[in-house]
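When reading the values below, keep in mind they use all heavy atoms of this one structure, side chains included, and skip hydrogens, waters and symmetry mates. Order of listing sets the numbers, starting from 1, for every ligand and every atom in it.
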Amino acid sequence: MQTVLVTGGTGYIGSHTSVELIESGYKVVIADNLSNSQIEVLDGIKEITGVRPDFEKFDLCEREKVFSLFKKYRIDAIIHFAALKAVGESVEKPLEYYYNNIVTLINLLQAMKKYNTSSFVFSSSCTVYGQPDQLPVNENAPVKKAMSPYGNTKQIAEEIIQDTIHVTPLMKAISLRYFNPIGAHKSAEIGELPLGIPQNLVPFVTQTVAGIRNKLSVFGNDYNTPDGTPIRDYIYVCDLAKAHVVAVKRMLNNENKQNFEVFNLGTGNGISVLEIIKTFENATGKKINYEIVGRREGDIEKVWADTSFANKELGWKSDTPLDETLKSAWEWEKRIRNIK
Ligand code: UD1
C-alpha cells in the first residue's frame, strides 16, 4: 500500500481528499496542528471510509518534527494543504502568513529530498491570475501581482517548488489551482467548519439560513456582469478532492509529462452571487435574508476556469450540479446545528 502524507488533512479540502485517497486504496497519514480544524474530523473520515487515518499533531514550521515524521513513515507522496488562508487577515498579519506558508513548504521539500520522496501536490489558487485579461482563464495566463500576502504566498510557493525541482531530478510536483471550493461530503459526516464569522460566501449563506447570522451582505451589484454581482467558478469539494488522487497517481505511475505541472481545478462555469442565492433557495426551499451592500475591498469582478487542459490530461472533470452541491452544504450545516 502506498502512503500519502496529507498536511492539513483535518481541514476542509484535506479531509475530503483523505476520504477519496482511502477509498482509492492509499494509506493516509495526516499532519495538522489543529489551528483551524478539529480532531473530531478523524471520526467523520472513519465513519465514511471505515479507516481512521494515522494522525500526527504538530506544526510543520518545526523542522525537526517534519524530519521525524519522514523517518517514522515511508512516504510516497505528499499533498500539502496546511496553510493560513484568510485573505483579509493576511493583509493585517503579513509576517505570520509568509512565515507559516513558506517555512512549512521549505521544511517539507527538504525532508522530501533527504528521504527520497518523489511526488508533491501543492494546493494553489486561481488567485494567482488576479483579474485575468481573458476568460475563461487557462494555465498559460500570466501570474499577476498578488492582491494580498495570502495570494503572494501561493505565487512564491509555486516558484520555490519549481526552482527546487529544477535541480532535483528525482522530484516532481503538480500545482492545483483551485477556483471556489464549496459543499460537503454527501454523508454530511465532514464539511467546512469556519472559525468565527465566515469570510466565504457559501458558509455565510448556510449560517444565515441556520439563524446564526442575521443577514447575508452581498458585496456590490455594480460590477460589469449580467446581474451586477461578481462571478466565480464554484466547484464541489468532492470533485476537487478526486483531482488530488488523480494527481498523486499520475506522478507515482510516472505519467506526468513534465516534472512540474499546473492544472486549473474548476467547473468552467461562471456563476454570480445572486445566482448562488437563487440556486440555493430553489435547491433547499429555504429563503436567504440578504441585502446589497458596498463592494468588498480586494474582490475581483469575474473569474472562471478553462478546464480543458485538466479534463484532457488528468482525465478528470467536475460534473456535480450546482444545486446538488449547495444542498450538500445545507445538509452539513443542518447536521452540525442539529436542525431537522
Ligand atoms: C478568494 C480567492 C481564493 C481564495 C479564497 C480564500 C479569488 C478569485 N479567490 O475567493 O483564491 O482561496 O478567497 O478565502 O481571489 N461574497 C458576498 N458576501 C459574503 C461573502 C462573499 O457577497 O459574505 C461574495 C464575494 O464578493 C465574491 C463571492 O461572494 O464575489 C465569493 O467570495 P468568497 O467565497 O469569499 O471567495 P473569493 O473571494 O472568490
Side-chain angles (χ1 to χ4, degrees), residues 8 11-14 36 81 83-92 97 101 122-132 135-137 141 143-155 157-158 175-183 192-209 212-235 237 240 264-267 269-280 288-305 322 325-326 329:
Y12 175 43
I13 306 173
N36 191 23
F81 294 107
L84 299 176
K85 61 163 189 177
V87 178
E89 186 186 58
S90 80
V91 177
E92 303 301 318
Y97 272 69
N101 292 3
F122 181 63
S123 195
S124 189
S125 168
C126 71
T127 196
V128 302
Y129 300 121
Q131 176 60 66
L135 287 166
V137 61
V143 165
K144 295 228 174 124
K145 183 169 167 42
M147 305 231 269
S148 70
Y150 158 78
N152 207 16
T153 66
K154 295 295 176 194
Q155 298 188 0
E158 286 195 354
S175 187
L176 299 175
R177 293 178 177 163
Y178 312 152
F179 285 69
N180 289 54
I182 58 166
E192 190 169 6
L193 260 185
L195 282 184
I197 302 172
Q199 306 297 308
N200 295 111
L201 177 62
V202 171
F204 207 105
V205 164
T206 56
Q207 287 198 10
T208 305
V209 175
I212 300 160
R213 311 282 152 208
N214 228 341
K215 203 182 264 179
L216 167 73
S217 299
V218 172
F219 299 135
N221 67 349
D222 56 352
Y223 287 93
N224 183 24
T225 61
D227 66 21
T229 63
I231 292 178
R232 299 287 183 272
D233 186 336
Y234 296 91
I235 173 170
V237 66
L240 187 86
N264 280 346
L265 297 186
T267 66
N269 301 321
I271 303 289
S272 74
V273 176
L274 291 180
E275 283 174 315
I276 287 284
I277 291 174
K278 215 180 302 148
T279 311
F280 183 94
I288 301 168
N289 184 23
Y290 75 89
E291 80 178 316
I292 311 282
V293 301
R295 292 183 177 196
R296 179 171 70 178
E297 207 189 312
D299 272 347
I300 62 163
E301 187 164 271
K302 49 192 166 198
V303 66
W304 65 94
L322 183 62
T325 302
L326 290 169

Distance from [atom] to nearest protein heavy atom, with residue and atom:
| atom | value |
| --- | --- |
| atom 35 (O) of ligand 1 | R296 NH2, 2.8 Å |
| atom 19 (C) of ligand 1 | F219 CE1, 3.2 Å |
| atom 9 (N) of ligand 1 | C126 SG, 4.3 Å |
| atom 13 (O) of ligand 1 | V87 CG2, 3.6 Å |
| atom 33 (P) of ligand 1 | N200 ND2, 3.4 Å |
| atom 34 (O) of ligand 1 | L201 N, 2.9 Å |
| atom 27 (C) of ligand 1 | R232 NH2, 3.9 Å |
| atom 3 (C) of ligand 1 | S125 OG, 3.7 Å |

More than 12 foreign heavy atoms under 6.0 Å from [atom1] of [X]: is that the case here?
| X | atom1 | answer |
| --- | --- | --- |
| E297 | CD | no |
| I197 | CD1 | no |
| F219 | CZ | yes |
| N214 | CG | no |

Per-residue contact class, [X] against ligand 1 - non-hydrogen pairs under 4.0 Å:
| X | answer |
| --- | --- |
| L216 | side chain |
| D299 | side chain |
| V273 | side chain |
| K85 | backbone |
| R295 | neither |
| Y234 | side chain |
| Y178 | neither |
| A86 | neither |
| N180 | side chain |

Number the atoms of ligand 1 from 1 as they appear, then name those within less than 4.0 Å of a heavy atom of [X], with their elements.
| X | answer |
| --- | --- |
| P230 | 30 (O) |
| Q199 | 20 (C), 35 (O) |
| S217 | 17 (C), 18 (N), 19 (C), 22 (O), 23 (O) |
| Y150 | 4 (C), 12 (O) |
| V218 | 22 (O) |

Hey, does the side chain of R177 reach the backbone of A305 with a donor-acceptor pair shorter than 3.5 angstrom? no
N101 (side chain) donor-acceptor with A83 (main chain) under 3.5 angstrom: no
Indicate yes or no: at least one non-hydrogen side-chain atom of [X] is less than 4.5 angstrom from one of [Y].
| X | Y | answer |
| --- | --- | --- |
| E158 | F122 | yes |
| Y223 | D299 | yes |
| N180 | I271 | no |

Which atom pair, heavy atoms only, marks the closest approach of [X] to [Y]?
| X | Y | answer |
| --- | --- | --- |
| Y290 | I292 | CE1-CD1, 4.3 Å |
| S148 | V91 | CB-CG2, 4.2 Å |
| W304 | F179 | C-CE2, 3.8 Å |
| K85 | N36 | CE-ND2, 4.1 Å |

